[in-house]
Number of protein chains: 2
Amino acid sequence: MAAKAKSKDSTTEERIRVAARKLFTRHGYDAVKTRDIAAESGINLALLNYYFKSKEKLFEKIMQENMKEFMQGISGIVNDEQTNLESKIKRLVEYYLDMLMSNPDMPLFVLSHAKKKGSKLNFRETFAQSHFMKQIQEAVKEGKIAPINPLNLMLNIVGLSIFPFIGRHIFQNEKGITEDAFIALMAERKKMIPGWIDAILRKK
Amino acid sequence: MAAKAKSKDSTTEERIRVAARKLFTRHGYDAVKTRDIAAESGINLALLNYYFKSKEKLFEKIMQENMKEFMQGISGIVNDEQTNLESKIKRLVEYYLDMLMSNPDMPLFVLSHAKKKGSKLNFRETFAQSHFMKQIQEAVKEGKIAPINPLNLMLNIVGLSIFPFIGRHIFQNEKGITEDAFIALMAERKKMIPGWIDAILRKK
DNA sequence: GTCTATAATTCGATAGAC
DNA sequence: GTCTATCGAATTATAGAC
């Protein structure tokens, strides 16, 4: 019998959150001023502090949300007991590339801020305890794939997928490739990476 | 007949430069205050402006030095006409890993600042016009390696080499691996990556 | 809850003595 | 060349009216 189920994203608090996330993700913590966030969300500067107490606290809240969302996506894939190793790799790569295409600034943002603001992200642990990890170890033991440190396999999958997005400002500039060419290249990588990982794991 | 050949790195200007480079590389432009640099170099705040005019100019000078040093290393390898494709890849990987081991914060620093401060870094172009690029295209044409977009090969080599350093704060924390384990892992990768690249290029 | 006005602080830069 | 002292702008945070 809720009188007026307030649509969650038209709340003032939510508008500030959305604006902050957009700006922080694109420009980083220091470069974004509280005034920018206020302007972007169409509210007054004082309201930001009313809702979030401080810039620092607002940032941490957003960081935490991003991390949680990100890890949930990964976790679902690596812990699915129904898929085999090869499929998991393919799904991981596709998940990353799709996420990155619509959120190209995410990785540089996350990695830049991971050292400072107490990010609770636990990437390595999620992998270490996953069903994926067990499958890798088994496959190695059974001699189905070339011996590899599972941590290195993880680094390879993630690195091949997200590195171009982290470095894109170096390739995509005046003398570099265009926006369109970059997108096309990433679409190509989305198809190629699983095969490259397979090649790495193939026994000679 | 120079009276007292002043050892270049005991100059006040040089001390400021060294301090600035250390701090900027580790924490980024915004996070470092001119007062921090003054304290680190053991001089007064006013001297910084006396020698470098402004924080911005000091930063750009350091950025430029780093870039130049970095690109020279790469350029020498990719343009050496005496080495074959396989050797070039091995040397590139070794160059990267050695550089990163002694300078682990460099990549995140460079990539974080590439979008803002007019960095003249021209990474893609250096590769595009290199002897290395020609060798790749020839090898593909002659059917010696599997077809691959040279840009993708470059992204793979660089990504596999430097990504772990960019992401290390996510793997190397309370619940992650230790500093020593990380170093050992990187030493392992230095040996493995050339083989992985070969596998990617090998025809089925 | 939302605003205006302003306090409090931080920070880059400079003036001016030595 | 080097320092102390301080200015002025930018920025976060808050007081207080509505």
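Given the structure is predicted, the values throughout are model-derived calculations rather than measurements. So that the names make sense, note that chain A is the first sequence line, chain B the second, and so on, each numbered from 1.
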Query - Polar side-chain atom of A:Lys115 near backbone of B:Arg26 as donor-acceptor pair, under 3.5 Å - result: yes
Query raised in the report: Along DNA chain C, 5' to 3', what are the outermost nucleotides having an atom less than 4.0 Å from a heavy atom of chain A?
Result: C:dG1 to C:dT4
Query raised in the report: Base, sugar-phosphate, or nothing for B:Leu45, non-hydrogen atoms under 4.0 angstrom?
Result: base
Query raised in the report: Can you list the residues that meet the side chain to side chain contact (heavy atoms under 4.5 Å, CB included) rule with A:Gln172, with sequence neighbours excluded?
Result: A:Arg168, A:Glu179, A:Phe182
Query raised in the report: What pairs with A:Ser87 under side chain to side chain contact (heavy atoms under 4.5 Å, CB included), at least two apart in sequence or on another chain?
Result: A:Thr83, A:Asn84
Query raised in the report: Between B:Phe59 and B:His113, is the gap from one ring center to the other below 6.0 Å?
Result: yes
Query raised in the report: Which of residues 31-39 of chain B have a heavy atom under 4.0 Å from DNA chain D?
Result: none
Query raised in the report: Can you check whether B:Met99's main-chain N or O pairs, donor with acceptor, with B:Asn103's side chain at less than 3.5 Å?
Result: no
Query - Whole angstrom value for the distance that separates C1' of D:dT11 from CG of A:Leu48 - result: 13 Å
Query raised in the report: Using a cut-off of 4.0 Å on non-hydrogen atoms, how would the nucleic acid contact of A:Tyr50 be classed: base, sugar-phosphate, or nothing?
Result: base
Requested in this report: Name all residues meeting the side-chain hydrogen bond (donor to acceptor under 3.5 Å, both in side chains) criterion together with B:Asp98; count only those two or more places apart in sequence or in a different chain, and write none if there are none.
Outcome: B:Lys190
Report summary line: When rounded to the nearest 0.5 Å, the distance separating CD1 of B:Ile89 from CD1 of B:Ile77 is 12.0 Å
Requested in this report: Sorted by first residue and then second, give each side-chain hydrogen bond (donor to acceptor under 3.5 Å, both in side chains) pair with at least one member in residues 38-54 of chain A; sequence neighbours left out.
Outcome: A:Lys22-A:Glu40
Query - Spacing of B:Asn49 atom CG relative to D:dG8 atom C1', expressed in whole Å - result: 14 Å
